[in-house]
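As the structure is a computational prediction, the values presented were derived from the model and not from experiment.
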Amino acid sequence: MRGVRAHTGRGSEGARLARFRQAHLNPFNKGPEPPGGGGGGGAGEDDPLPPGAPPLDAARRHEPGRADGESSERPMDLGLAEDHFSRPVGLILAPDVQQLRRAIEECRRAILALPEHSERQKDAVVRLIHLRLKLQELQDPDEEEPNIRVVLEHRFYKEKSKSVKQMCDKCSTIIWGLIQTWYTCTGCYYRCHSKCLPLVTKPCVRSKVSHQAEYQLSICPESGLDSQDYRCAECRAPIALRGVPSEARQCDYTGLYYCSSCHWNDLAVVPARAIHNWDFEPRKVSRCSMRYLALMVSRPVLKLREINPLLFNYVEELVEIRKLRQDILLMKPYFITCKEAMEARLLLQLQDRQHFVENDEMYSLQDLIDIEAGRLSCSLTEIHTLFAKHIKLDCERCQAKGFVCELCKEGDVLFPFDSHTSVCTDCSAVFHRDCYYDNSTTCPKCARLSLRKQSLFQDSVAEAEP
């Protein structure tokens, strides 16, 4: 009798153990548990049913609250109620990719079926995010990646930031920094997953900036979709204006059409509109154009006097900036030969706009943006005042290099950057503006230099005669 009981007990225990393992080996296909629970003395699927009781599947189909035609197997209930990322004690198990995809699809259907803004729908959305993260983790395992990768002149560096949310420029999906490895190009800031690096087909924009630093100066030079063979100008994917198979998006800088993967509706100031129309409203540009404009924005490649000389007649701020730049160029020789100015590094006040101490003709797009916003005029005026203070008040050496008006021989010491002075174009002598224009004779310094040259020539001729 004891042997029979022991055998029966071992058989019941083995059945419960088999049911326990089946439940944890495939948590996504697990059916609802009986009311008594999975352990203890609850009736299991292998236990005999009471006489006259309906089959188990029929009982489940006719449970209260279950709609007709609803599947008896409800993996979505498990998707919302169980934690798929916790492991039972003593078990080292993980769902495979196909199981996760089925659970994700069921979760998506449940979200659409649940009432909007309900708590159950919010929980389902959270569960869907967790399932997708787990799927991404399985598809993109955490492997040791090199810190530097070079692809099509891109110099990719592996990012260490885990909390910053970015978008992959290749596949246009979110980069989850917590579980995914991603890279950024140090030249053009192109970002992508590590798994997308072999698929990159766009060369680095910085190479184009280095070899051909110039703007497209025609306003939106559109040529039509037919000239592109109804394909994206960059990746050559089929596009159409009606969005079938893919929406055609126009870049306001190049005038070409791109697909939604190459054109994210980024906004940027278009140089042609700024130069010809003084229009600084941001327009929609493609990803490639946006990166190119971002790299070119501080490069002084715009010669306004040649591109649009009439712009100075209509924009007063441009005339003011040009006068300040001309004065700074006149101050530069004082600083180069002044020891105190070199020690104080005054010229480094313009280190962000180095072209301001080289010429007064070239402008960058950032210069025009700051001029239109009123920022450049204020900052350049402050620098101009600081430079003039050093030359005229603080430094005795620079003061000694001033001029006295040789026409009237009155007044204070003059400097070429003073507003009431005029400078001789031949000898760079400085005079009062009124004296210079009222005097009908030639420049006294030029006349003196001419007499000296003539005297030296006569002396050399006299010495050459026998």
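Sorted by first then second residue, the side chain to side chain donor-acceptor pair (under 3.5 Å) pairs that include residues 415-424, not counting sequence neighbours, are K392-D418.
Within the 4.5 Å cutoff, the side chain of N313 has no heavy atoms near those of the V319 side chain. Looking at Y292 and Y253, their side chains come closer than 4.5 Å, going by heavy atoms from C-beta outward. Considering only heavy atoms from C-beta on, D169 stays 4.5 Å or farther from C192 through its side chain.
Judged purely by atom type and a 3.5 angstrom limit, Y258 has no side-chain atom pairing as donor or acceptor with the backbone of C288. Checking side-chain atoms of K284 against main-chain N and O of Q250 turns up no donor-acceptor pair under 3.5 Å. The closest donor-acceptor contact from the side chain of H193 to the backbone of K195 lies at 3.5 Å or more, if one exists at all. Remark: side-chain polar atoms of R283 are not paired, donor with acceptor, to backbone N or O of L267 under 3.5 angstrom. For S286 (side chain) and S289 (main-chain N/O), a donor-acceptor pair under 3.5 Å exists by modelled atom type. A donor-acceptor pair is defined here as one N or O able to donate and one able to accept, closer than 3.5 Å; no such pair exists between the side chain of S455 and the backbone of L451. Panel note: side chain Q228, backbone Y230; no donor-acceptor pair is recorded below 3.5 Å. Looking at E372, its side chain never comes within 3.5 Å of a backbone N or O of L368 through a donor-acceptor pair.
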Inset, instruction - Please report the C-alpha distance between E222 and Y257 in whole Å, then the side-chain angles of each, then the deciding distance to 0.1 Å, and finally whether the side chain to side chain donor-acceptor pair (under 3.5 Å) criterion is met. - result: CA-CA 9 Å; E222 181 182 4; Y257 288 89; 2.4 Å; yes
Inset, instruction - Carefully, step by step, assess R102 and E105 under the rule salt bridge (charged side-chain N to carboxylate O under 4.0 Å, His left out). - result: CA-CA 5 Å; R102 287 197 298 267; E105 186 62 28; over 6 Å; no
Inset, instruction - Under the salt bridge (charged side-chain N to carboxylate O under 4.0 Å, His left out) rule, what do R273 and D252 come out as? Steps first, then yes or no, please. - result: CA-CA 10 Å; R273 294 185 181 275; D252 197 83; 2.7 Å; yes
Legend entry - Full working for salt bridge (charged side-chain N to carboxylate O under 4.0 Å, His left out) between R127 and D123: CA-CA 6 Å; R127 178 59 55 196; D123 294 339; over 6 Å; no
Inset, instruction - Would you sort out whether R322 and D360 count as a salt bridge (charged side-chain N to carboxylate O under 4.0 Å, His left out), showing the intermediate values? - result: CA-CA 6 Å; R322 181 174 62 182; D360 63 337; over 6 Å; no
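If you look at Y190 and Y183, their ring centroids are not closer than 6.0 Å.
Using a 30° and 60° split on the angle between ring planes, H390 and F335 fall in the tilted class, from 30° to 60°. Between W278 and F280, the ring planes lie perpendicular to each other; the angle is over 60°, past the 30° to 60° tilted range.
Taking CG from L256 and SG from C262, the interatomic distance works out to 11.5 Å, rounded to the nearest 0.5 Å.
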Can you give me every donor-acceptor pair (side chain of residues 339-356, partner residue at least two apart or in another chain, under 3.5 Å) with its distance?
{"from": "R353", "atom 1": "NH1", "to": "D367", "atom 2": "OD1", "distance (Å)": "2.4"}
{"from": "R353", "atom 1": "NH2", "to": "D370", "atom 2": "OD2", "distance (Å)": "2.6"}
{"from": "H355", "atom 1": "NE2", "to": "D367", "atom 2": "OD2", "distance (Å)": "2.7"}

Tell me which donor-acceptor pairs under 3.5 Å the side chains of residues 301-309 have, and how far apart each pair is, sequence neighbours excluded?
{"from": "K303", "atom 1": "NZ", "to": "E306", "atom 2": "OE2", "distance (Å)": "3.2"}
{"from": "K303", "atom 1": "NZ", "to": "E361", "atom 2": "OE1", "distance (Å)": "3.3"}
{"from": "N308", "atom 1": "ND2", "to": "I275", "atom 2": "O", "distance (Å)": "3.0"}

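Defined by atom type and a distance below 3.5 Å, a donor-acceptor pair is present between the side-chain atoms of E320 and S377. Side chains of K401 and T337: a donor on one and an acceptor on the other come within 3.5 Å.
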